[in-house]
Number of protein chains: 2
Amino acid sequence: MTGKRPTIDDVARVSGVARVTVSRVLNGGPNVRDEVRARVMRAIEQLDYKVNPQARSLAGGASRLLAFVFASDLENDPNSYYESALELGALRACLTLGYQVLVQNVPQQTPDREKRVLDLITSQRCEGLILSPPYSDDVSLIQAALAQGCKVVTVSPGGPGRGIADGVGVDDEAGGYDMARELLRLGHRRFGFIAGLEGHLSADRRMKGFERALAEESLGQEAWIMARGDFTFRSGAHLAPQLLDHPLSPSALVCANDDMAAGVLSAAHARGLSIPRDLSITGFDDAPVAAIVWPPLTTVHQPVKVLGQRAVEMLVARLTGANTASTPVFQQLDHAVVHRQTTAAR
Amino acid sequence: MTGKRPTIDDVARVSGVARVTVSRVLNGGPNVRDEVRARVMRAIEQLDYKVNPQARSLAGGASRLLAFVFASDLENDPNSYYESALELGALRACLTLGYQVLVQNVPQQTPDREKRVLDLITSQRCEGLILSPPYSDDVSLIQAALAQGCKVVTVSPGGPGRGIADGVGVDDEAGGYDMARELLRLGHRRFGFIAGLEGHLSADRRMKGFERALAEESLGQEAWIMARGDFTFRSGAHLAPQLLDHPLSPSALVCANDDMAAGVLSAAHARGLSIPRDLSITGFDDAPVAAIVWPPLTTVHQPVKVLGQRAVEMLVARLTGANTASTPVFQQLDHAVVHRQTTAAR
DNA sequence: CGCTTCCATGGAAGCGCTTCCAGTAGCACG
DNA sequence: CGTGCTACTGGAAGCGCTTCCATGGAAGCG
């Protein structure tokens, strides 16, 4: 059964047409009579013919290969949800679009990380690149890829990433704002905020939104304290005590993502606090962990899988010429505050 | 800068040799003088030449493409850790081996799932296939892939998967046994066991090991009750009450994976139980969630990322001819019981 | 009715590589 | 000095496809 696979010439022979005609049928080209098209299709089916993507790529100059790069490192950062969901969405979208995605993990601390990414797209001849945070804000990387003729879509870009290449994401600033409004509504007036890594712009926007909501209630610097984590459970658990012991004595801890919130929750349990009676805690992302911890976490939902799907769709639109916009396009998807059980009235 | 990339002929011209010689250097072939080899290398560097994998594949008949198939569906089953870690390990291994992996997600309930997998490997010309549970036990799928001339490695195969193709995994039966011994040592004599999905053999082996440990203490059917979950948090949370309300009144709940254990934990909290004082709970896998829940979960660690890495290595060994064993090889990696805080003496 | 235009099809070239086979040079041997 | 090696190098063919251009016939037009 290992016998050689049929080629386009086999199909041509069986259906009694020239190779070119089969190619036309394969690629949905025009100028083929319906009768002939049907005959070719039948031969394809009969022979169980599948185009050889390598040959097609070589001849046509289009590899139909996309690259998806993510930074998170399972060693230090078990939160693979965001990346997994993006990938799954991308994979799903590819299924119908006839593209394949090559995944690459490049931990953020990799010394020659930019080169690693560029090497992948040049050596594998990728036509498109999906960048997840924090790479979606790496302007020099984006420009280098673009210069290679590789289309780029950034997922959840912050300020810099936005506007250079196509992008897709939720409005992080509004998400942070909405979450803060919710806590204000519940009567909270003293906050702790656990921010994301320095330079992670989409996380910074969450904080900015939070700040804006406070400002609307005339609450300034005196009303909240900030600590900077690295998105991991560990950092949340580590930072929580500092904030809780601060003289401000916050009644709510707002985190830039769910994993850190889970860490805060764990630290709160460890010191015997009752959640949400003694302390309100919020996250961001609505990752599975948010529903798994006890009590389940109030957070901001974002449709991560759809983000991945859209990223591929936008890329393919550029590649097929369906999108010829001369300026970068940004698709903004909806977020939503999800009320669970870690928030209560003060 | 979008200018065409250099080809092997450019390298040949610059270094003053024939194309074939460059090809020899590229592929580490013999019969090239050191001086010539160095000259070619210099030209490659100078031109920043990268082999065109599509052309190579077309000419040489080797795509250097591997497929990784996993079943878990983020919609119903947020536990992407196992698959993510496998993938990451596989990706890492590929980095040095010059292979690429094509990832595909095929939810288990997909009607034509076998066809979907075969389509991927035939249409993309994949040379190797990595199957994670439950596909690692799908004998007909394995044989179909093998018949296509595609090498197969199964990850954590149960009975059937083992012995048909190369495989890698831990000793699930021993893992279940070890965990049970530990609970017996702590004085537990009445158990609840939350098993995995019917037909998920590696999970069944965990139960078998558990049963054997009990039997060694002369504890039989009367000492434990079983419920069957589907590996999700939800199913653990759902099943726990049934087991706890059973007249046997188990003092420990043993779960076939961590997510279900987290669900049990959540259900236990919901009914006001104090863990581990009122109830001991154990998981399996040592996924990140095990360290994130409160209190952190006692579980059996397995080196998932290494599993993924080994899977690729075994595949490549077959493809390059480094491994010519006529019978399937199985690599068994070590597991270890990780004591955290959901287990206590009875 | 002779002209252009359009549609449907095919022939040939060539994408960038590897593999097969045919050299050529250098050397030891009798 | 011819023979038979071995070590190295190159020419040519061809992998399975797409693209460019040529061809023939059917329609459209004045």
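A note on names: the letters A, B, ... follow the listed sequences, proteins ahead of strands, and every chain is numbered from 1.
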When the distance from CZ of B:Arg13 to P of D:dG11 is rounded to whole Å, what number comes out? 14 Å
For D:dC29, give its Watson-Crick or G-U wobble partner with both distances under 3.5 Å, or none. C:dG2
Return the nearest nucleotide to the side chain of B:Val32; candidates are D:dT9, D:dG14, C:dC15. D:dT9
Rounding to an integer number of Å, can you tell me how far A:Ile8 CD1 sits from C:dG10 P? 12 Å
Comparing B:Ala55 and B:Arg39 on DNA chain D - which has the more 5′ nearest nucleotide: B:Arg39
Short side-chain N/O contact from A:Asn52 to OP1 or OP2 of D:dG16, under 4.0 Å: no
side-chain N/O A:Arg56 vs D:dT18 OP1/OP2, d < 4.0 Å: yes
Give the nucleotide from the list C:dC15, C:dG10, C:dT18 with an atom nearest to the side chain of A:Leu58. C:dC15
Would you kindly check whether a donor in the side chain of B:Arg24 faces an acceptor in the base of D:dG10, or vice versa, at under 3.5 angstrom? yes
Using a cut-off of 6.0 Å, state whether more than 12 heavy atoms not belonging to B:Lys50 lie near its atom NZ. yes
Whole Å only: how far is the CD atom of A:Gln54 from the C1' atom of D:dG14? 16 Å
Using the closest heavy atom to pick a nucleotide of DNA chain C for each, name whichever of A:Asn31 or A:Arg125 lands nearer the 5' end. A:Asn31
Show your working on salt bridge (Lys or Arg N to Asp or Glu O under 4.0 Å) between A:Arg310 and A:Glu313 and close with a plain yes or no. CA-CA 5 Å; A:Arg310 289 291 165 81; A:Glu313 288 165 1; 3.7 Å; yes
To the nearest Å, how far apart are A:Arg5 CZ and D:dC15 P? 17 Å
Distance check needed: D:dG16 P versus A:Asn27 CG, whole Å only. 17 Å
Closest to the B:Val36 side chain: C:dT19, D:dG16, D:dT9? D:dT9
For C:dC7, does either OP1 or OP2 sit under 4.0 Å from a side-chain N or O belonging to A:Arg33? no
Backbone N or O of A:Leu141 within a donor-acceptor pair of the A:Asp138 side chain at under 3.5 Å? yes
Please work out if B:Val20 contacts a base, only the sugar-phosphate, or nothing of the nucleic acid, heavy-atom cut-off 4.0 Å. base
Under 6.0 Å from the six-membered ring centre of B:Phe330 and within 45° of its axis: does the NZ or CZ of B:Arg162 meet both? yes
Kindly say whether B:Val106 contributes a backbone atom to a donor-acceptor pair with the side chain of B:Thr110 at under 3.5 angstrom? no
Between D:dT9 and B:Thr21, is there an OP1 or OP2 to side-chain N/O distance shorter than 4.0 Å? no
C:dC7 C1' sits how many Å from A:Glu35 CD, rounded? 16 Å
Nucleotide D:dG16, atom P - distance to NZ of A:Lys50 in whole Å: 16 Å
